[in-house]
Amino acid sequence: MKTLALACLVLVLLCPSAPAAVPLGGLAVAVTPDGARLVAGGDSRALYMLDPTTLAVTQRVHLGRSIVALAFSGDGKRLWVESTGAVQMLDAASWKVLNTFEKAERMAVAPRANLVAVLERRGARIRLLSMADGSDKGAVPFDRMKSVSAFGLSPDGKQLAMLYRQERSDAEKKVERKDIPKDLRGAALNEFKQRNDGYQSRFVVHEVATGKTVRDQQLWYSASGGGMRIAWQGDAVVAIGYRNQNARIAADAEVTYFELANSYNYGTGVSADGSTVLSGGLRSGARTTLADRKGTAFELDKQPGFPEYWKSFSFANDGTGFGGTSGWRVVRIDAAGKIVKTAPVH
């Protein structure tokens, strides 16, 4: 029994498809839109304030909760913290906790709209809150009989997209492995498998102001695993998957499959305007513009010991990106997709 328990613990800590709000090790990061302040946090249950230029730690605050994700409000005055089992709002001057939303499992933000969305499983709803003061701004229900793989707000905060976990569907015929064309490789092979695996995913878009459903579609694209992220590109929605099997979902439900320039997506981050994605797996990462889906690859220097993975990314408005790793390092990435500074956090 002890051996089984230890194996389960290892899977929870290392498997990126573990349940939402489980800390996977390493650092989440967030930078203010103006790039003036940078914070990081992880399973040490502490917040680290860093100089964005030198990446030196300037202050430490113990929160007492394992930190999964971080995000600043559009004006930089509030810091939102996703932890295990709750979402908190902090004053970004004093780092005092102003509000705690218990039983909130995940969050998605639209800083320019001053809006954060959190998932409350008990109420089967996505709750919408002001990033400035935590006040209620409405709620959107979800199907309690299905699992939500990802949700995301449009940059203007007017729409909320939800992608449900894949389910078997009679509408999609499964092609046996022996019948898969032998000449398919890479992305073409992965797309063919997605189109012909017998699974589909439900995709829904709601108006935030009214909760009204404006799109409800079944997709051949299958949302599976954990760690998915939703980005918006105009009226189109982009789903970024942990397995690097990604999709652009147009308003008419046409799906364009694509893969990013790195391998798996252990960590992802989307710019406030939704135009650019930072992503990364084992050491390798990429900066991708969603309009043309062209990416610039980058890679961490190799460290001794256990492999280092990207954990999280955040953007300043000038395009500068910051990343946090499982090796407790913070990285600055310029607007051209080049690593310019790396420093340990301790």
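These figures come from a predicted structure and were not determined experimentally.
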Between Ser169 and Glu172, a side-chain donor and acceptor under 3.5 Å
no

Measure centre to centre between the rings of Phe313 and Phe322, then say whether the value is under 6.0 Å.
no

Answer yes or no: is there a side-chain heavy-atom contact under 4.5 Å between Gln217 and Arg202?
no

Please walk me through it: do Leu260 and Ile240 pass side-chain contact (heavy atoms from CB on, under 4.5 Å)?
CA-CA 9 Å; Leu260 300 171; Ile240 309 294; 4.1 Å; yes

Is the count of non-hydrogen atoms from other residues, nucleotides or ligands lying under 6.0 Å from Asp170 atom CG greater than 12?
no

Counting C-beta onward and ignoring hydrogens, is there a side-chain heavy-atom pair between Gln88 and Thr100 closer than 4.5 Å?
yes

Tightest non-hydrogen contact, residues Lys77 and Ser73, listed as N-OG, 3.4 Å

Could you tell me whether a side-chain N or O of Arg283 sits under 3.5 Å from a main-chain N or O of Glu299, the two making a donor and an acceptor?
no

May I ask you to decide if Ser326's main-chain N or O and Arg329's side chain share a donor-acceptor pair within less than 3.5 Å?
no

Any donor-acceptor pair under 3.5 Å linking the side chain of Arg287 with the backbone of Ala335?
yes

Please say which of Asn246, Asn265, Asn190 ends up in a side-chain hydrogen bond (donor to acceptor under 3.5 Å, both in side chains) with Glu259.
Asn190

Backbone N or O of Thr276 within a donor-acceptor pair of the Ser271 side chain at under 3.5 Å?
yes

Note: Arg106 and Val87 closest approach over all heavy atoms is O-CG2, 4.4 Å

Neighbour count >12 (heavy atoms, 6.0 Å) for atom CG, Asp235
no

Mind checking whether Tyr164 and Met162 have side chains closer than 4.5 Å, heavy atoms only?
yes

Can you check whether Thr268's main-chain N or O pairs, donor with acceptor, with Arg229's side chain at less than 3.5 Å?
yes

Side-chain donor/acceptor of Asn262 to backbone N/O of Ser284, under 3.5 Å:
no

Keeping the roles fixed (side chain from Arg332, backbone from Thr53), state whether a donor-acceptor pair exists under 3.5 Å.
yes

Step by step, would you call Asn114 with Ser130 a side-chain contact (heavy atoms from CB on, under 4.5 Å)?
CA-CA 6 Å; Asn114 197 36; Ser130 163; 3.5 Å; yes

Please check: side-chain N/O of Arg121 versus main-chain N/O of Arg144, any donor-acceptor pairing under 3.5 Å?
no

Do any N or O atoms from the side chain of Ser222 and from the backbone of Gln194 form a donor-acceptor pair under 3.5 angstrom?
no

Starting from the C-alpha separation in whole Å, work towards a yes-or-no answer on side-chain contact (heavy atoms from CB on, under 4.5 Å) for Arg195 and Tyr257.
CA-CA 10 Å; Arg195 287 181 177 271; Tyr257 178 92; over 6 Å; no

Closer than 3.5 angstrom, by distance alone: can the side chain of Arg37 be matched with the main-chain N or O of Gly76 as a donor-acceptor pair?
yes

Under 3.5 Å, is there a donor on one side chain and an acceptor on the other for Tyr199 and Arg168?
yes

Smallest heavy-atom separation, Ala30 atom then Ser314 atom, equals CA-OG, 3.5 Å

So Lys302 and Leu300, do their side chains get closer than 4.5 Å, heavy atoms only?
no

As a quick check of understanding, evaluate salt bridge (charged side-chain N to carboxylate O under 4.0 Å, His left out) for Asp91 and Arg78, giving each step before the final call.
CA-CA 5 Å; Asp91 177 81; Arg78 298 288 182 263; 3.1 Å; yes

side-chain contact (heavy atoms from CB on, under 4.5 Å) assessment of Val175 paired with Phe192
CA-CA 9 Å; Val175 174; Phe192 182 89; 4.2 Å; yes

